[in-house]
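Here is the structure we will look at, set down as structure tokens.
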Amino acid sequence: MSMQAASTQIASRAAAIVDEMKALEGPLLPILHEIQEEFGHVPAETLPIIAKVLNISNAEVHGVVTFYHDYRNHPAGRHVLKVCRAEACQSMGGDAIAAQISQALGIGFHETAKDNSVTLEPVYCLGLCACAPAAMLDGEVIGRLDADKIEEIVREVRS
Amino acid sequence: MTVTIYIPRDSGALALGAEKVAKAVAQEIETRGLDAKIVRNGSRGLYWLEPMVEVATEAGRVAYGPISAKDVASLFDAGLASGGEHKLSLGDPEKIPFLAKQTRLTFARCGITDPLSLEDYRNHGGLKGLENAIAMTPADVVKQVTDSGLRGRGGAGFPTGIKWKTVLDTTADRKYIVCNADEGDSATFADRMIMEGDPFVLIEGMTIAGIATGATKGFVYIRSEYPHAVATMQKAVEVARKAGVLGVNVMGSPNAFDMEIRVGAGAYVCGEETSLLNSLEGKRGIVRAKPPLPAIQGLFGKPTVINNVISLASVPIVMDRGAQHYKDFGMGRSRGTIPIQIAGNAKHGGLFEAAFGLTLGEIVDEIGGGTVTGRPVKAVQVGGPLGAYFPRSLFDTPFDYEAFAAKDGLIGHAGITVFDDSADMLKQARFAMEFCAIESCGKCTPCRIGSTRGVETIDKIAHNIEPEKNLALVTDLCNTMKFGSLCALGGFTPYPVMSAINHFPEDFRPTPVAQAAE
Ligand SMILES: Cc1cc2nc3c(=O)[nH]c(=O)nc-3n(C[C@H](O)[C@H](O)[C@H](O)COP(=O)(O)O)c2cc1C
Ligand code: SF4
Ligand code: FES
């Protein structure tokens, strides 16, 4: 598929999403969530499409996308691992666990592995504070992280 | 008779392997040809025992835990289906001291019922509060909530009924009920547990709020870190709509009320109410200046009740049993019960709902059982990332809004993180500043810039660079942040920082040269 064809396809799919959701009260966040769900990130070329239909400026849409930690401007790896770095997890050795994970995956936080297998992100609390240290792999929650569980995670993202 | 086996689908239980347990149980039921069904309930909140499996027997419920998938076959061999003895037997769950000592009003059904069965909800006292509210005038509903003494459980402790009265008294063509389910504070999971374990109680509470104030539309704003809560709430809203609990004629009355579930996008500051409203409107989550109060000009400029999940989920019991029943629990101006969340390095971590008034020491040492690591408790942080660190010497502080404020702390959303003696309080103070820098909405300078300077200055202290001078600088900075910030993110970050400095000065002292040279 040529770059241009891909881009046209993104545009038409994005237009359909915006059209479908524009009647919601305060539709921008739901639209951006849906777009990210569809493409794995919020492609730059979708911003003017959203802006036009919602009758707001490109700058406003851009401002919203960049404000929130969740929205990505480029795709993540095949897996996304979010490791909690907040206090309750710290109290259970979360910092050391985070360092071990980072080392096992060979990447730092906010980085994606070269083979694109996984993106490592910090998260500040998953509501699993009585099961600390905690993480979330592709939406699956994991509590009481230890060496065995880290090994399991690494195996899963590499497979 | 079909045997019912309860296996939680609560995120905490899932994080500890409940899904694998459920699969193994289903497998055993099938291969053994048993007449049994599985109900995926919420959690009772005893996380050191999760996944906790319960069986309904003729003599009542029997619990087992913590169960892993490999225990399941032996549990069935031991006669799990009829409550048989096993090394993981816990007996009657309600007799486990951690549960037996609680006063469960808001969490009365959590972990007991099928979260998505409206029938189960009704059979356990659900919807009575709403029925009562429908039969009353809005002003009387507001009065009952006011009289109960219920104060906002989201952190600020503002009286719920007074907020509702402002919305009731403001005329407008449209009003909103917004539920703040952003629950971003570390150590808190009560909102998540209710949404996953008893979603109808939140729907009922929001509907009562709608009827009481004349609002016809509700939004639940749930953080994106809670996918399971989002899914359960969405399903529960559909069930409630189908059953006519939500819709143009709430439970057959002339009142209209419906609601939508919305998902946040990973910004801690969106838990601040005006930032949340901006986010719902599709804007950057920047904090708004007050006035105008959201109760007068809130979502889309309309009068809006914005309340925390637990505040709203506590309303049905108030409307069911009456204001006095609720008010009879508690102490001073802190009335009713509060779901205390014991987190971090606690032996018995979990949710403990109790009347206000327990001392911090009772909560940490007796109920929480001290640390998991078995080392002495050094500090506890109460109230999330903006809450103070308490040393043992303040463990006689009773759990009460005013008592905590008097000790330069706050109850916040009632999360308590336990730290053992390996904690480095300088590191914790640094993290508080770092967190503020990461999550600042950027509107005011003390918060946006001050937090970054705070991190740098604490780093200097850690590296022995003019420690006395830099300590004075941090104190100064904290004062500027406290008084110069628009919201509590910048304004309260000084609490964890200054409490760490004041209560644990030894961690901020220059390391003796001999040791440093090691
Ligand atoms: C930075 C910040 C984060 C907050 N996060 C939450 C939150 O996650 N949940 C919540 O209910 N209140 C949170 N609050 C408090 C809300 O601003 C507000 O007081 C609350 O939603 C009011 O509801 P209540 O009266 O029922 O407590 C936060 C406040 C600040 C300043
Ligand atoms: S204190 Fe911080 S988070 Fe609050 S309004 Fe100011 S900059 Fe925004
Ligand atoms: S602090 Fe890590 S899950 Fe809450």
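By convention in this document, chain letters (A, B, ...) are assigned in the order of the sequence lines, proteins followed by strands, and residues within each chain are numbered from 1.
Across A:P133, A:G63, A:A132, A:A86, the residue that shares the most heavy-atom pairs under 4.5 angstrom with chain B is A:G63. Contact count against chain A (heavy-atom pairs under 4.5 Å) is highest for B:G285 among B:S224, B:G285, B:G264. Taking B:G282, B:A265, B:A229 one by one and counting their heavy-atom pairs under 4.5 Å with chain A, the maximum is reached by B:A265. When B:R223, B:E50, B:K217 are compared by the number of non-hydrogen pairs under 4.5 Å with chain A, B:R223 comes out ahead.
Counting heavy atoms from C-beta on, the side chains of A:L126 and B:F189 never come closer than 4.5 Å. The closest side-chain heavy-atom distance from B:Y268 to A:Y124 is not below 4.5 Å. The shortest distance between side-chain heavy atoms of B:R284 and A:E60 does not fall below 4.5 Å. With a 4.5 Å cut-off on side-chain heavy atoms, A:F67 and B:V269 count as touching. The shortest distance between side-chain heavy atoms of B:L280 and A:E25 does not fall below 4.5 Å. Put simply, the side chain of B:P496 does not reach to within 4.5 Å of the side chain of A:E87, judged on heavy atoms.
Proximity to chain A is limited to the backbone of B:E281, based on heavy atoms less than 4.5 angstrom apart. B:P385 touches chain A through backbone and side chain together, each having a heavy atom under 4.5 Å away. Interface remark: A:V64 contributes backbone and side-chain atoms alike to the contact with chain B (heavy atom separation under 4.5 Å). Using a 4.5 Å cut-off between heavy atoms, B:D185 contacts chain A through its backbone alone, with no side-chain atom that close. Both the backbone and the side chain of B:C441 come within contact range of chain A, with heavy atoms under 4.5 Å apart. Interface remark: B:V418 contributes backbone atoms only to the contact with chain A (heavy atom separation under 4.5 Å). Heavy-atom distances place no part of A:Q36 under 4.5 Å from chain B, backbone and side chain included.
Closest of all the heavy-atom pairs between B:T188 and A:C125 is O-SG, 4.4 Å. When every heavy atom of B:A187 is checked against every heavy atom of A:C129, the shortest pair comes out as N-SG, 3.3 Å. The two residues A:G26 and B:F300 have their closest heavy-atom pair at N-CZ, 3.5 Å. Smallest separation of non-hydrogen atoms from A:M136 and B:E225: CE-O, 4.1 Å. The minimum heavy-atom distance between A:A88 and B:S186, with the atom names listed, is N-OG, 3.0 Å.
For residues 341-351 of chain B, heavy-atom neighbours of chain A at less than 4.5 Å comprise B:I342, B:A343, B:G344, B:N345, B:G349, B:G350, sorted by residue number. Annotation: residues 144-159 of chain A contacts chain B through A:R144, A:K149, A:E152 [non-hydrogen atoms, separation under 4.5 Å].
The CD atom of A:E140 sits 7.5 Å away from the CD atom of B:E19 when rounded to the nearest 0.5 Å. Atoms CD1 and CZ, from B:I438 and A:R85 in turn, are 9.0 Å apart once rounded to the nearest 0.5 Å. Summarising the geometry, atom NZ belonging to B:K283 is positioned 10.0 Å from atom CD1 belonging to A:I56; distances are rounded to the nearest 0.5 Å. How far CG of B:D424 is from CG of A:D95: 10.5 Å, rounded to the nearest 0.5 Å. Taking CG of B:D10 as the reference point, atom CG of A:L128 lies at 8.5 Å (rounded to 0.5 Å).
A donor and an acceptor atom, one from each side chain of A:Y68 and B:S279, are located under 3.5 Å apart.
By the neighbour-count criterion of 12 heavy atoms within 6.0 Å, atom NE2 of A:H62 is sparsely surrounded, having that number or fewer from other residues, nucleotides or ligands. No more than 12 heavy atoms of other residues, nucleotides or ligands shown are found within 6.0 angstrom of CD on A:Q103.
Here the side chain of A:H33 pairs a donor or acceptor atom with the backbone of B:V263 at under 3.5 angstrom.
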